[in-house]
Amino acid sequence: MAPKLLVWYDRHARVLPWRILPGGGTPDPYRIWLSEVMLQQTTVAAVKDYFLRFTALWPTVQDLAAAEDAHVMAEWAGLGYYARARNLLACARQVAHAGGFPEDRGGLRALPGIGPYTSAAIAAIAYDQPETVVDGNVERVVSRLFAVETPLPAAKPELTALAETLTPHIRPGDFAQAMMDLGATICTPRSPACGICPLLDDCDARAAGIAADLPRKAPKAAKPDRTGIAWVARHGDSLVLEERPAKGLLGGTLAFPSSGWDGCDLPPPGDADWTEIGHVRHVFTHFNLSLQVLIGDMPNSPERGHLVLLHDIDRNALPGLMRKVWDMARANMAA
DNA sequence: ATCCCGGTCA
DNA sequence: TGACCGGGAT
């Protein structure tokens with residue numbers, strides 16, 4: 001099974017900015033780590049430009065370790081799951097101080113932002129160790145190969161154990177990447193291309209005609225609707241922005257001052273005659289948010305946040321939700 | 001406009 | 001177990 005998949009990988013491996021093609025040389029652990037952290041919960045297409053930009057700005061882990069927190073947060077803006085950016089920096093500094101990355105899964109696992117998946121991926125891909133890498137792609141491929149009917153997430157241990165039986169002692173890194181490429185390009189969630197799958201003859205789900213129905217999933221909980229207010233506070237030719245608390249939702253990102261959307265109620269950044277200019281909607285993992293956007297001229301200095309010249313506001317340094325608020329405010333001010 | 005997809009941490 | 005986002009498919 002593994003040899004068959006490796007033959008397929010040698011012909012069909014995706015060309016990716018962080019990937020060394022089969023026989024192409026030795027991977028740089030820094031680049032593998034950076035790409036794997038960016039790829040957590042995030043698609044390859046979304047990651048590519050961020051990866052190129054990060055590696056251009058910070059070519060080594062020492063460079064990244066020396067970067068300013070705010071600079072890294074600004075470069076990460078738009079990628080989502082901002083705890084990853086904070087952990088990235090903490091990890092870079094720990095690794096730079098230690099003089100390099102640990103080369104075993106256990107050592108990697110102890111670093112900030114590196115869990116079961118990422119530790120196995122770095123050990124296998126960067127150090128070619130026979131670790132079994134299990135991400136969402138692999139769970140799907142394995143559930144089909146063995147026709148596992150147990151719903152996720154309960155099936156996770158079973159799928160991991162089955163995946164371990166597949167991992168070869170030769171080229172485990174290429175095998176791990178091959179499994180993920182297969183899941184991303186052929187063994188896809190909705191309409192798997194079984195006709196061109198190199199593992200067609202090994203697949204129990206295909207034989208049973210249920211490949212597209214696996215993996216089964218437990219029903220998802222409904223997400224609540226929440227509301228809040230965002231204030232676009234003008235003071236001269238500046239607006240008020242603030243850095244959100246380091247932990248929690250959108251932690252450490254740049255934002256327009258807002259009321260709490262999760263219970264606590266925060267005040268506006270100052271006194272003004274507020275005018276509603278609309279609502280922005282945003283979907284988080286666990287709730288839907290509708291934010292009322294208020295704009296106003298504040299005669300006094302802000303009581304929260306800090307003033308940023310309109311000219312200096314960088315849309316790209318804001319997370320997605322705040323880009324929506326900024327776009328709405330800019331359209332309103334232009335009118 | 002919805003639904004679906006995906007790792008780590010406390 | 002629940003808290004954490006944004007992009008792509010339908």
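Note that the coordinates shown come from a computational prediction; the quantities given were computed from them, not determined experimentally. In what follows, chains are A, B, ... by sequence order, proteins preceding strands, each numbered from 1.
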If you measure only the distance, is there a donor-acceptor pair under 3.5 Å linking the side chains of Asn137(A) and Arg140(A)?
yes
If you count heavy atoms of other groups shown closer than 6.0 angstrom to CG of Asp312(A), is the number above 12?
yes
Would you check if there is a donor-acceptor pair between the side chains of Gln177(A) and Arg19(A) at a distance under 3.5 Å?
yes
For the hydrophobic clusters of this structure (ILVMFWY residues joined by side-chain heavy atoms under 4.5 Å, transitively), does one cluster hold both Val44(A) and Ile125(A)?
yes
Say whether, by atom type as modelled, one donor and one acceptor occur between the side chain of Asp327(A) and the main chain of Lys324(A) under 3.5 angstrom.
no
Check: Trp326(A) main-chain N/O paired with Arg315(A) side-chain donor or acceptor under 3.5 Å:
no
Under 4.0 Å, heavy atom to any atom of DNA chain C: which of residues 78-97 of chain A qualify?
Gly78(A), Leu79(A), Gly80(A), Tyr81(A), Tyr82(A)
With nearest nucleotides of DNA chain C determined for Arg190(A) and His282(A) from heavy-atom distances, which residue corresponds to the more 5′ nucleotide?
His282(A)
Mapping Pro116(A) and Pro189(A) to their closest nucleotides on DNA chain B, which lands nearer the 5' end?
Pro189(A)
In the 5' to 3' direction, the nucleotides of DNA chain B bounding the stretch that comes under 4.0 Å of a heavy atom in chain A are dT2(B) to dC9(B)
From CA spacing to verdict: salt bridge (charged side-chain N to carboxylate O under 4.0 Å, His left out), Asp174(A), Arg171(A)
CA-CA 5 Å; Asp174(A) 284 342; Arg171(A) 302 180 62 191; 2.9 Å; yes
Connected to Leu214(A), directly or through other members, by ILVMFWY side-chain contacts below 4.5 Å are Ile210(A)
